[in-house]
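Worksheet: the structure to be examined is printed underneath.
Computed from heavy atoms alone, side chains included, the values below leave out hydrogens, waters and symmetry copies. Each residue takes its place number in the sequence, starting with 1. One-based numbering, in listed order, for ligands and for the atoms of each.
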Amino acid sequence: MFNLSRYFSTVSFILIVLAAGVLGPLYRELSLRQITELAESRNVAMAQIFENTLQQPLAQLMVGSLGRDADFLRQSPEVGVLRESVAALMRNTALIQVRVDSRLGMTVFSSDPAQIGAERQAVPGFRAAMAGMTGSELQQHARFVSFDGEHTDVHVLTSYIPVLGERGAVEGVFELVQDVTPFMQQLQRSLWWVTAGVFAVFSLLFVMQYLVVRRAQRILEEQEGRLKSARDTLELQVEARTEELKRTNTQLQGEITERRQAESKLNYLAYHDPLTGLANRRCFIERLEQSLRESAEEDYRLAILFVDLDQFKQVNDSLGHGIGDELLVAVAARLSEQVRLVDMLARLGGDEFICLMERVRGEEEVAIVAGEIIDAFEQPFRLGDNELFLSASVGVSLFPFDGGTVVELMRNADTAMYRAKAVGRGNYHFYTPEMTRDAQERIRMENLLRRALENEEFTVHLQPQVDTQTGRLVGAEALLRWYSPELGMVMPSRFIPLAEDSGIIIPLGTWVLRETCRQVMQWDKGGFALPMVSVNLSVKQLERPEFPGVLREILDETGMTPGRLKLELTESVLMGVGDACGTLQRLRGLGIGLALDDFGTGYSSLSYLKMLPVQQLKIDRSFVTGIGKNTGDEAIIRTVMQLAGSLGFEVVAEGVETAGQAAFLAEMGCQQLQGYLHGGAVDPAEFRNRWAQHS
Ligand code: C2E
Ligand code: CA
Ligand code: CA
């Protein structure tokens, strides 16, 4: 755009220079003229004085000079008289030379005798004076000789003044030379000041105008910006309108292309996952079918890698579906970026991804890719403010060894993935046939488990807990038993994990609590008072926000005193629950007790333990077994006892089988013992028989 400021600066500069160039000389010229006029009028006045005072000798000299030569004149007595008078008159004036020329153009008198006799006809000033006009001539930086000697670098003004005779005719010419140096110096000084003043005024003007111009420039720029955007909008509108017109023009054609586009979009959607843009299940299956046909013909091997995120459900539950979706997109991007050797990557749905590797030569090749998939999760995922650490489990199945059809291969890869997860998160596993047997067994057991509660196949057994010192019964732990008509007696270590995975643990856990409380209260009525009963709690139960409410209902319904009920939790249970401390506080609020089960096998820090509202620690059976055999175990027990002592926890030792173990624990100060030494878990009737008599 036009740069107003720059334009202004340049033009102003030129104008200032021009103005200075014109104004300076003009001022000088005017001043010189003024000086000339002033000095001339002085000269005229002086000439008048000379004329009046020296009329006589002058007239004589003029007449007497006719026909005489210079030497004669110089010698003549009139000149001598004149010189004295002139010298007297010149004193204290600025005049430095006086000269009188005759009508005929010869100098008849001069304050400088050397000039007498000089010819003046050719001098313009003389000729003008002879014509009756007074004129002056300024000489600058001149050298001059006067009475008082030589003057160098002086400024002088010479005036030619006609001397009029009685009848008005010009009789001769006065040449008066005046020293105007002081005037000229004055002029020089004022010229400097004027220049400085002019410059200052111009500069000030320049600055002020520059400010105005700059402001104007800004306004112009703003307006141009506005104009530009208006023009852009207009252009867009014109474009849009043109497009619209084109569209209406080619509507028919457009409809056809639209339909085609819609078709291809539908086609795309049919084969792609809209969230991640990866191939979808259908696409994967079709590709796998084709690959299987080719591989069978050409005797190739194939690998299918089933990828499942380990913590996706937690992310979705705690951070919401929005973040969950973002995470899936990020995972898809990372897998496509970091895992290059696969021939197809697809998302099956949820947090399940699947890879296809064609023309596989050996298992090692597949293992490397599986490792790469696991490694892709090493770096955390950054989504907004969240940094999420995830891991994935990978299951692998191979064609032709692990199946000949799409369904078989995918199912077996899935089974292998479950095995990988069971081994520990962030692992991969190849499929083996026994996995299917295990999986089938699991499915069968799960189905049986689902019906077991309705079919009343469960019972609660009780295992005594006794006082270390007195051997008296202080409580019992409720342990679940499942007698299945199909499977026979199934131990909790087999079915509890299954119940947890399938969610059956929720109604089952509630049932155990209710049944245990009911049993204890029934015994109460029958005169057998069990002081305390402990019930194991699964993480799945604790996770449920409604759990404290359910527990309170059970207490109300059975009439159980809350102080006689204790819940057993493992450290891992606490780690798995979001706000474990808060949840436990709520349970404590109901008045029930809390025990930390399998103590010593987890990783709880001391500072964490201190915060928990727990009253009892249960030393894990594995340490008790080591008593008398393993000094390390004994040391751990000693440390746990000290820790419990300092934190004020009561300690129960689990799995006490021998008198030796009991003695050691008694010595360590352990308050309660639980184990086969005092009795295993038995059904309520037997328990009562054994302990009612005893107490
Ligand atoms: P746990 O809570 O550590 O229970 C103690 C386990 O050790 C019981 O096994 C018990 O029979 C066994 N035991 C007791 N004394 C001795 C002994 O002196 N020597 C040996 N070798 N073992 C002894 P059980 O009944 O098979 O229970 C296994 C696990 O199943 C329990 O471990 C508990 O975690 C879980 N479980 C049992 N019942 C329930 C239940 O109602 N709910 C939940 N959530 N889990 C339960
Ligand atoms: Ca327990
Ligand atoms: Ca235990």
Worksheet entry | From CA spacing to verdict: side-chain hydrogen bond (donor to acceptor under 3.5 Å, both in side chains), Asp597, Thr570 | CA-CA 5 Å; Asp597 206 354; Thr570 60; over 6 Å; no
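Checked against the Ca ion (ligand 2), the N, O or S atom of Glu477 at the shortest distance is OE2.
Near Asp598, with a cut-off below 4.0 Å to any heavy atom, the atoms of ligand 1 are 3 (O). Of all atoms in ligand 1, listed by their number and element, those nearer than 4.0 Å to a heavy atom of Ser538 are 44 (N). Residue-ligand proximity, Val512 to ligand 1, at heavy-atom distances under 4.0 Å covers atoms 41 (O). Close approach of ligand 1 to Gly675 is summarised as follows: ligand atoms under 4.0 Å from at least one heavy atom of the residue are 15 (N), 18 (O). Less than 4.0 angstrom separates some heavy atom of Ile496 from each of these atoms of ligand 1: 43 (C), 45 (N), 46 (C).
A salt bridge does not link Glu446 with Arg451: none of the charged nitrogens is closer than 4.0 Å to a carboxylate oxygen. A salt bridge links Asp524 and Arg564; the closest N-O separation between the charged side-chain nitrogens and carboxylate oxygens is under 4.0 Å. Between Asp438 and Arg419 there is a salt bridge, since at least one side-chain N of the basic residue sits less than 4.0 Å from a carboxylate O of the acidic one. Salt-bridge annotation for Lys618 and Glu568: present, with a side-chain N of the basic residue lying under 4.0 Å from a carboxylate O of the acidic one. A salt bridge links Arg382 to Glu387: one of the charged nitrogens lies within less than 4.0 Å of a carboxylate oxygen.
Residues meeting the ring pair (Phe, Tyr, Trp, His ring centres under 6.0 Å) test with Phe377, sequence neighbours left out: Phe381. Applying the side-chain hydrogen bond (donor to acceptor under 3.5 Å, both in side chains) rule to Thr468 yields no partners; only residues at least two apart in sequence or on another chain are considered.
One N or O on the side chain of Ser484 and one on the backbone of Glu486 form a donor-acceptor pair closer than 3.5 Å.
Distance check for atom 19 (N) of ligand 1: a protein heavy atom is found below 4.0 Å. Not a single protein heavy atom sits closer than 4.0 Å to atom 34 (O) of ligand 1. Distance remark: protein heavy atom present below 4.0 angstrom from atom 44 (N) of ligand 1.
At a heavy-atom cutoff of 4.0 Å, ligand 1 is contacted by both the backbone and the side chain of Asn536. Under 4.0 angstrom from ligand 1, there are no non-hydrogen atoms of Leu677. Using a 4.0 Å cut-off between heavy atoms, Thr570 makes no contact with ligand 1 at all. If you look at Glu654 next to ligand 1, the close heavy atoms, those under 4.0 Å, all belong to the side chain. Heavy atoms of Lys618 found under 4.0 angstrom from ligand 1: none, in either backbone or side chain.
Less than 3.0 Å away from the Ca ion (ligand 3), the protein contributes these N/O/S atoms: Asp597 OD1, Asp598 OD1, Glu654 OE1, Glu654 OE2.
Taking backbone and side-chain atoms together, Ser534 has no N/O/S atom less than 3.0 Å away from the Ca ion (ligand 2).
Within a 6.0 Å sphere centred on CD of Glu546, other residues, nucleotides and ligands contribute more than 12 heavy atoms. By the neighbour-count criterion of 12 heavy atoms within 6.0 Å, atom CZ of Phe312 is densely surrounded, having more than that number from other residues, nucleotides or ligands. With a 6.0 Å radius and a threshold of 12 heavy atoms from other residues, nucleotides or ligands, Arg481 has its CZ atom above the threshold.
Here the heavy atom of the protein found nearest to atom 8 (C) of ligand 1 is Leu479 CD1, 3.8 Å. For atom 15 (N) of ligand 1, the closest non-hydrogen atom of the protein is Gln463 NE2, 2.8 Å. Protein heavy atom in closest approach to atom 16 (C) of ligand 1: Tyr676 CE2, 3.4 Å. Among all protein heavy atoms, the one lying closest to atom 30 (O) of ligand 1 is Pro492 CB, 3.4 Å.
Using a 3.5 Å distance cut-off with no hydrogens or angles, the side chains of Thr415 and Asn412 do not pair a donor with an acceptor. Of the N and O atoms on the side chains of Gln615 and Glu650, not one donor lies less than 3.5 Å from an acceptor on the other residue. In the model, Arg518 has a side-chain atom that pairs as donor or acceptor with a side-chain atom of Gln522 under 3.5 Å.
For a threshold of 3.5 Å applied to N or O pairs, the pair formed by Arg621 and ligand 1 contains at least one separation below that value. Residue Leu480 has at least one nitrogen or oxygen atom sitting less than 3.5 Å from a nitrogen or oxygen atom of ligand 1, judged on distance alone. In terms of N/O distances under 3.5 Å, ligand 1 is not approached by Ser493.
Between Ile304 and Val396, every side-chain heavy-atom pair lies at or beyond the 4.5 Å cut-off. Between Met357 and Leu305, some side-chain heavy-atom pair lies under the 4.5 Å cut-off.
Residue Glu500 places every heavy atom at 4.0 Å or more from ligand 1. In this structure, Arg481 is part of the shell of residues with a heavy atom less than 4.0 angstrom from ligand 1.
Residue pairs meeting the side chain to side chain donor-acceptor pair (under 3.5 Å) criterion with at least one member in residues 550-560, sequence neighbours excluded, are Arg514-Glu557.
Of the listed residues (Arg494, Met491, Glu657), the one carrying the non-hydrogen atom nearest atom 21 (N) of ligand 1 is Glu657.
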